[in-house]
Amino acid sequence: MNKGGGMKKMKYVVVTGGVVSGLGKGVTASSIGVLLKACGFRVTSIKIDPYLNTDAGTMSPFEHGEVFVLDDGGEVDLDLGNYERFLDVKLTRDNNITTGKIYQAVIDKERRGDYLGKTVQVVPHITDAIQEWIERVAMIPVDGQPGPADVCVIELGGTIGDIESMPFTEALGQFSYRVGAGNFCLVHVSLVPVLSAVGEQKTKPTQHSVRGLRSLGLTPNILACRSTLALEENVKQKLSQFCHVPAENIITLYDVPNIWHLPLLLRDQKAHEAILGVLNLLGIAREPNLKEWTSRAELCDMLLEPVRIAIVGKYTGLSDSYLSLLKALLHASVSLRKKLVVDWIPASDLEDETAKENPDVYKAAWKLLKGSDGVLVPGGFGDRGVEGKIIAAKYARENRIPFLGICLGMQIAVIEFARSILGLQDANSTEFDPDTKDPCVIFMPEGSKTHLGGTMRLGSRRTYFQVMDCKSAKLYGNRGYIDERHRHRYEVNPDMVSRLEDAGLSFTGKDETGQRMEIVELPNHPYYIGAQFHPEFKSRPGKPSALFLGLIAAACDQLDSLLHAPKIPNGMAKKISLYPNGNATKFAKIPTDGRETPVENKSSLN
């Protein structure tokens, strides 16, 4: 609604969670954003993470899921990836607030003397810093249009009552008065469990959660209740009575066939009217236009023909570790009308060591690899499973199986080529063998070996195509250069490039200096591509990432027709479902984590 002219009051929707973590606050916040956008409003979003880390960059994916990388190099929580995909926006590092960032900012001010004479305390100094941060970041345009958005959706991570989130809860309580009634709407996501013994929906956990919320100075305007089935009318009335929330403002987030039903679920229960009513925006809102979302959700059963992709990685025990990869594979497979089936293969299971110690696991891993239509080797840190990834790359190269290597996956493809084709048995990365005689991958000169947080080559960087007659350039629409997001400390050794190219490897994409290798291809292979960047971070529903589209097309024997088509079918997915039949997820299926994760073949996780 805001066209960039004049100052106006920002409206805030705050999403909190109660009872248990992993209820799907992130997907709920994203869906609220989608619904408000469909009503004609411009939307931005903020994620608050109460942990002490400055950012997500140094955390293991097993701890917190994948680290999502933004254009500006911010290493942030994976929920910001959900926001970017759902809302098709470009967020900044400041859209992720952490306890570490807030305390660091306040301590820096204290050292400068900004609080001279004052005792610096949680209230008011920390709470004021939180509110000022929210107000500042909410005004940053993220949708490519000038001027600030109309509504800012804020997700408070964790569960109400956590010790670490107390300063944020207090700050949001103060903030609701600071911005005034009509500018602040609180949506509380809670759990209504069904006890199997009696089959009755129990409201007590939500009652206690709301009581805790009120005791902290926050009053919920809307209750979003997670349950396996829609709330019964008498349960709604009971919640309304005990939680002091109007019955029409109580929404059920019940299990749906796929995640794209959620904005529709909210619309059908008139959640937009409840939110816009609290924010005094009903008069200027239009009826929500969700045609695209509806077709995506409803047509998800169309896709029957499977495409099997083996992900050979290190963190396969937690699919959230590779959330953006899964989404990118999904966007690409749907645009080509295929049902995605992911086979998870822990890289170390392919190694000879496993064959001796656990032959059954070794056989199962190889069976999955040999049964796949395509192989994806993602990024990772540390040396565990590296040899298994090299083995997977060798298998794909020798057997002409479509292969995509990302970040470390590209580096191991280069190492494997040097070992097998150049005969350099000692070829390695200095990350894994600092004393290797043939370093194919080396530490980047600008990196730091003492400080690991935020010292990598991060964010959006430009890649220039060296030749236009190559698969990657064609997939990207024959552009001269592309901008993609990076996150790495090591790079292909420029001194080895000429030897590798003479042997048949082609470095088709390089940075502006020509010294940093960005894309590698094997020209005489159906599809064998490595990228130093992470193309998955910019994949969107209806706009699949080029290299993932190429992988899926090659895996389905459709690459030639794709490359010779007048235009890469980025818009194809707009007319069809995003989630193939059988690959949908029950939304935040209790008791698992409610992040936006499709169902995969779990046989390799047992």
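Side chains included, hydrogens not; waters and symmetry mates left out as well; all remaining heavy atoms used. Starting from 1, each residue takes its place in the sequence as its number.
- Considering all non-hydrogen atoms of both residues, Pro205 and Leu191 come closest at CB-O, 4.1 Å.
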Set out, in order, the CA-CA distance, both residues' side-chain angles and the distance that settles salt bridge (Lys or Arg N to Asp or Glu O under 4.0 Å) for Asp71 and Arg485, then state yes or no. CA-CA 6 Å; Asp71 266 5; Arg485 298 177 184 179; 2.7 Å; yes

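- Of the possible polar contacts, one joining the Ser31 side chain to the Val27 backbone as a donor-acceptor pair under 3.5 Å is found.
- Screening residues 125-154 for ring pair (Phe, Tyr, Trp, His ring centres under 6.0 Å), with sequence neighbours left out, gives Tyr115-His125.
- Checking side-chain atoms of Arg487 against main-chain N and O of Gly459 turns up no donor-acceptor pair under 3.5 Å.
- Between Lys90 and Asp72 there is no salt bridge, since no side-chain nitrogen of the basic residue lies less than 4.0 Å from a carboxylate oxygen of the acidic one.
- A donor-acceptor contact shorter than 3.5 Å is absent between the side chain of Gln174 and the backbone of Val123.
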Under the criterion side chain to side chain contact (heavy atoms under 4.5 Å, CB included), I'd like the reasoning laid out for Val179 against Met10: C-alpha separation, chi angles, the key distance, then a yes or no. CA-CA 8 Å; Val179 298; Met10 175 66 68; over 6 Å; no

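- Looking at Ile126 and Ile102, their side chains come closer than 4.5 Å, going by heavy atoms from C-beta outward.
- For Ser45 against Asn95, the heavy-atom pair with the smallest separation is O-ND2, 2.7 Å.
- In this structure, the side chain of Arg540 does not engage the main chain of Phe86 through any donor-acceptor pair within 3.5 Å.
- Across Thr28 and Gly24, no two heavy atoms sit closer than the pair OG1-O, 2.7 Å.
- Partners of Thr16 by side chain to side chain donor-acceptor pair (under 3.5 Å), not counting sequence neighbours, listed by chain and number: His188.
- Side chain of Asn249 to backbone of Asn221: a donor-acceptor contact under 3.5 angstrom is found.
- Residue Glu273 holds its CD atom at 12.5 Å from CG of Leu266, rounded to the nearest 0.5 Å.
- Under a 3.5 Å cut-off, the side chain of Ser209 and the backbone N or O of Thr206 do not form any donor-acceptor pair.
- Listed here is the closest heavy atom pair of Lys236 and Ala247: CD-O, 4.1 Å.
- The line from CG of Asp77 to CD1 of Ile48 is 12.0 Å long, rounded to the nearest 0.5 Å.
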With side chain to side chain contact (heavy atoms under 4.5 Å, CB included) as the test, would you mind laying out the steps for Leu35 and Leu290 before giving the verdict? CA-CA 8 Å; Leu35 194 53; Leu290 288 166; 3.8 Å; yes

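- Salt bridge status for Glu75 with Arg93: absent, with no side-chain N to carboxylate O gap under 4.0 Å.
- Electrostatic pairing of Asp343 and Arg308 counts as a salt bridge here, judged by a charged N lying under 4.0 Å from a carboxylate O.
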Glu536/Tyr322 under side chain to side chain donor-acceptor pair (under 3.5 Å): CA gap, chis, key distance, verdict: CA-CA 10 Å; Glu536 68 270 23; Tyr322 299 117; over 6 Å; no

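- A heavy-atom distance below 4.5 Å is not found between the side chains of Leu216 and Glu170.
- Contact annotation: the side chain of Val278 never approaches that of Ile275 to less than 4.5 Å [non-hydrogen atoms, C-beta and beyond].
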Could you go through the side chain to side chain contact (heavy atoms under 4.5 Å, CB included) check for Thr228 and Tyr254 one step at a time? CA-CA 5 Å; Thr228 46; Tyr254 53 83; over 6 Å; no

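- Side chain of Gln201 to backbone of Val235: no donor-acceptor contact under 3.5 angstrom is found.
- Side-chain atoms of Leu91 and Glu84, non-hydrogen and from C-beta on, do get closer than 4.5 Å to each other.
- Remark: the Ser324 side chain and the Glu66 side chain contain an N/O donor-acceptor pair separated by less than 3.5 Å.
- Side-chain atoms of Lys109 never come within 3.5 Å of backbone atoms of Asp114 as a donor-acceptor pair (strictly under, hydrogens ignored).
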Go through the steps to decide whether Ser539 and Ser545 satisfy the test side chain to side chain donor-acceptor pair (under 3.5 Å), and finish with yes or no. CA-CA 5 Å; Ser539 182; Ser545 166; 5.6 Å; no

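- Lys101 places a side-chain N or O within 3.5 Å of a backbone atom of Asn96 that can act as its donor or acceptor partner.
- Counting heavy atoms of neighbouring residues, nucleotides and ligands inside a 6.0 Å radius, atom CD of Glu305 does not exceed 12 of them.
- Atom OG1 of Thr252 and atom CG of Leu231 lie 3.5 Å apart (nearest 0.5 Å).
- We find the CG-CG distance between Leu549 and Leu329 to be 11.0 Å, quoted to the nearest 0.5 Å.
- Atom CD1 of Ile163 has 12 or fewer neighbouring heavy atoms from other residues, nucleotides or ligands inside a 6.0 Å radius.
- Under the 4.0 Å criterion applied to side-chain N and carboxylate O atoms, Asp143 and Lys37 are not assigned as salt-bridge partners.
- For Tyr12 and Phe175, the ring centers are positioned less than 6.0 Å apart.
- Under a 3.5 Å cut-off, the side chain of Arg286 and the backbone N or O of Phe41 do not form any donor-acceptor pair.
- The side-chain heavy atoms of Ile46 and Ile134, taken from C-beta on, include a pair separated by under 4.5 Å.
- Within the 4.5 Å cutoff, side-chain heavy atoms of Leu87 are placed close to those of Val34.
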Go through Cys152 and Val13 one step at a time and tell me if the side chain to side chain contact (heavy atoms under 4.5 Å, CB included) criterion holds. CA-CA 6 Å; Cys152 177; Val13 177; over 6 Å; no

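- For the side chain to side chain contact (heavy atoms under 4.5 Å, CB included) test with Val189, the passing option among Leu223, Ile251, Val15, Val19 is Val15; the others fail.
- Of all heavy-atom pairs between Leu330 and Leu340, the closest is CD1-CD2, 3.4 Å.
- Asp55 CG to Asn53 CG: the interatomic distance, rounded to the nearest 0.5 Å, is 7.5 Å.
- Shown here for Tyr51 and Thr98, the closest heavy-atom pair between the two residues is CE1-CG2, 3.7 Å.
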